[in-house]
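Have a look at the structure below, then the notes.
Because only heavy atoms are used, hydrogens play no part in the values below, and waters and symmetry mates are left out as well, while side chains stay in. Quick note on labels: first sequence line is chain A, next is B, and so on, each numbered from 1.
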There are 2 protein chains.
Amino acid sequence: MPTKRTEPSAPVPPDDAKPKAAERIRRTARELFYREGIRAIGVEEIVTRAGVTKPSLYRSYASKDELAAEYLRDYELAFWKVFEAGDENHPGDARAQLMAYFEGLAHRATQAGYRGCGLTNAVVEYPGDEHPARKVAQAHKRKLRARLVTMCASMGAKLPEQLADGLLLLLEGTFASGQLFGKQGPARSLVAVAEQLIDASLR
Amino acid sequence: MPTKRTEPSAPVPPDDAKPKAAERIRRTARELFYREGIRAIGVEEIVTRAGVTKPSLYRSYASKDELAAEYLRDYELAFWKVFEAGDENHPGDARAQLMAYFEGLAHRATQAGYRGCGLTNAVVEYPGDEHPARKVAQAHKRKLRARLVTMCASMGAKLPEQLADGLLLLLEGTFASGQLFGKQGPARSLVAVAEQLIDASLR
DNA sequence: TAGTCATGTTACCGACCGGTACGTTTGGTC
DNA sequence: GACCAAACGTACCGGTCGGTAACATGACTA
């Protein structure tokens, strides 16, 4: 970098200029919380792995619990991205959209080391309704359920709520079974079973 | 109890004479571990609630991890009892046996405060394959899966493994959804969906 | 009545937990 | 260079974690 690097003016868009430390913490927390669980990971380990120190964490996040909630908000964004990834390939075809997601999920959930859904896992880790992380997770799952209902209605299900319930059970079952069983787990049958269920619901 | 209560001889069946403290610890641990999660509960709280002290715990159990594994072994026994509870009402009818269990589960999983399956929860809490509690849980789930396969075969499924996979996904999904959603959760549709799936698999 | 042994108790350990007071560095502005 | 605020690091806090050494107690045997 040979020349002087001076941004002329404009104190940079106030949002964009994320303090480096906070972002490193965020990413590190995300990876560790997901892989090892929230309770299993101490703030010390997060800041060490992120190459920062504890006060940097507590300047950007009010508490470990709040950092966990933030992690889940990030996780949720990533989830919806994956969930809607194939939508443009199947415009207006809710069934194909959903099955595209299911296919990807079935693949991931039969990989060794799969850890399921970070949001569901957080609910298991924090049974009490008051935990901020749990609140994020529960709100997300309600959104997901509603979304499934509209998708099921648009694919012409006789009982859209019931089909959505069934597909949600399969989803959550895949999250859990993926970490319970290894590569040959029941998630391998997810797609076939979901197809059966949808077919039966249109009949 | 007016008379002197002296067992004449026979130093009581050696197994039956469980030391009171160990048993209290076992029961207390079981309740707390299930309700709050294993990581959330410290040994101090267990012994306090059980009315004993820590050394009593460590004389009967090698470590907290081992106590957790013991809790899951107890949990598994209780599970099979419930799972097979309706069997004598439907001798030789695997489908009716399974649906009887599903009906009970759907009811429990739509109660407020439902905490899912202790074995699945333990796997979520301990991602590492080496933890003794996780080993118990995974062994149990393999057993359950095998059992479902034989049941599905005996009800005449075209693809018993696939139907068993589907039902297991529904099961695990119910465990998770029960704690995610309240009383009107997707577990309410478990029975109807399972029936659809079984019907489709016989066709 | 003395001995034995399983069980229960008091008091403590080092390690780690989440969280913070306070000093130091850094980078942009004149 | 002088200044200043924002970002960062050092060192530490009380509390709790899982686990243990050493001792007291009680019940049964001889």
Side-chain angles (χ1 to χ4, degrees), chain A residues 1 4-26 28-29 32-33 36-71 125-126 130-133, chain B residues 4-26 28-29 32-33 36-71 125-126 128 130-133:
Chain A
M1 43 196 95
K4 217 170 72 168
R5 195 171 51 82
T6 39
E7 222 64 64
S9 64
V12 293
D15 254 22
D16 177 287
K18 242 293 147 76
K20 216 199 303 189
E23 193 53 34
R24 293 182 58 117
I25 290 167
R26 207 190 184 91
T28 309
L32 292 179
F33 280 161
E36 309 287 337
I38 297 170
R39 291 197 118 113
I41 294 297
V43 292
E44 188 76 53
E45 187 162 358
I46 294 174
V47 296
T48 300
R49 293 260 255 255
V52 299
T53 56
K54 268 198 271 186
S56 294
L57 190 159
Y58 283 98
R59 261 177 235 114
S60 299
Y61 307 96
S63 63
K64 186 199 174 182
D65 290 351
E66 265 309 320
L67 176 60
E70 201 65 17
Y71 144 60
E125 284 201 89
Y126 294 98
E130 70 292 339
H131 198 285
Chain B
K4 217 169 72 168
R5 196 169 52 83
T6 41
E7 225 61 65
S9 63
V12 294
D15 254 23
D16 178 289
K18 242 290 149 77
K20 216 198 303 187
E23 193 53 34
R24 292 182 59 114
I25 290 167
R26 207 189 183 91
T28 309
L32 292 179
F33 280 160
E36 308 288 337
I38 297 170
R39 292 198 118 114
I41 294 296
V43 293
E44 187 76 54
E45 187 161 359
I46 294 174
V47 296
T48 300
R49 294 260 255 257
V52 298
T53 55
K54 268 198 273 186
S56 296
L57 190 159
Y58 283 99
R59 268 191 283 269
S60 299
Y61 307 95
S63 62
K64 184 197 175 183
D65 291 351
E66 265 309 320
L67 176 60
E70 202 65 16
Y71 144 60
E125 285 201 89
Y126 294 98
E130 70 293 337
H131 197 285

Q: Figure out the CG/C1' separation between B/D65 and D/dG18, and round it to whole Å.
A: 9 Å
Q: Kindly give the heavy-atom pair with the smallest separation between B/A40 and B/E125, and that separation in Å.
A: N-OE1, 4.4 Å
Q: Whole angstrom is fine here: how far is it from CG in A/L67 over to C1' in C/dG19?
A: 13 Å
Q: Run the numbers on A/I25 and A/S56 for side-chain contact (heavy atoms from CB on, under 4.5 Å), then give the verdict.
A: CA-CA 9 Å; A/I25 290 167; A/S56 294; 4.3 Å; yes
(Q) At 4.0 Å (heavy atoms only), tell me whether B/I41 reaches a base, stays on the sugar-phosphate, or touches nothing. (A) sugar-phosphate
Q: Give a yes/no on whether any side-chain N or O of B/T53 is located under 4.0 angstrom from OP1 or OP2 of C/dT9.
A: yes
Q.
Just the rounded figure in Å: distance from P of D/dA7 to CD of A/E23.
A. 14 Å
(Q) Here's a test of your reading of the structure: between B/K54 and B/G51, which maps to the more 5' nucleotide of DNA chain C? (A) B/G51
Q. Could you state the CD-C1' distance from B/E66 to D/dG19, rounded to the nearest angstrom?
A. 15 Å
Q.
Please pick, from D/dG18, D/dT10, C/dT10, the nucleotide with the shortest atom-to-atom distance to any side-chain atom of A/P55.
A. D/dT10
Q. Expressed in angstrom and rounded to an integer, what is the separation of B/R24 atom CZ from C/dT9 atom P?
A. 10 Å
(Q) Of the options C/dG19, C/dG8, D/dG9, whose atoms approach the side-chain atoms of A/Y58 most closely? (A) C/dG19
Q) What do the steps show when you test B/I46 against B/L67 for side-chain contact (heavy atoms from CB on, under 4.5 Å), and what is the final call? A) CA-CA 11 Å; B/I46 294 174; B/L67 176 60; 4.0 Å; yes
Q: In whole angstrom, give the distance that lies between atom CG of B/L32 and atom C1' of D/dG18.
A: 16 Å
Q | Closest-nucleotide 5' rank along DNA chain D - winner of A/E44 and B/A40 | A | A/E44
**Q.** For the student: nearest non-hydrogen atoms of B/K54 and B/V43, plus distance
**A.** CD-CG2, 3.8 Å
(Q) With a 3.5 Å distance limit and no angle check, can you tell me whether B/R24 reaches the backbone of B/A50 through a side-chain donor-acceptor pair? (A) yes
**Q.** Nearest listed nucleotide, side chain of A/S56, among C/dT20, D/dC17, D/dC8
**A.** D/dC8
Q. Base, sugar-phosphate alone, or nothing: which one does B/I46 contact when heavy atoms must sit under 4.0 Å apart?
A. nothing
Q: Give the rounded distance in Å between these two atoms: NZ of A/K20 and C1' of D/dG9.
A: 15 Å
Q | Atom-pair distance (NZ on B/K64; P on D/dT16), nearest Å | A | 15 Å
Q: Would you mind telling me which of D/dA21, D/dG18, D/dG9 lies closest to the side-chain atoms of A/R59?
A: D/dG9
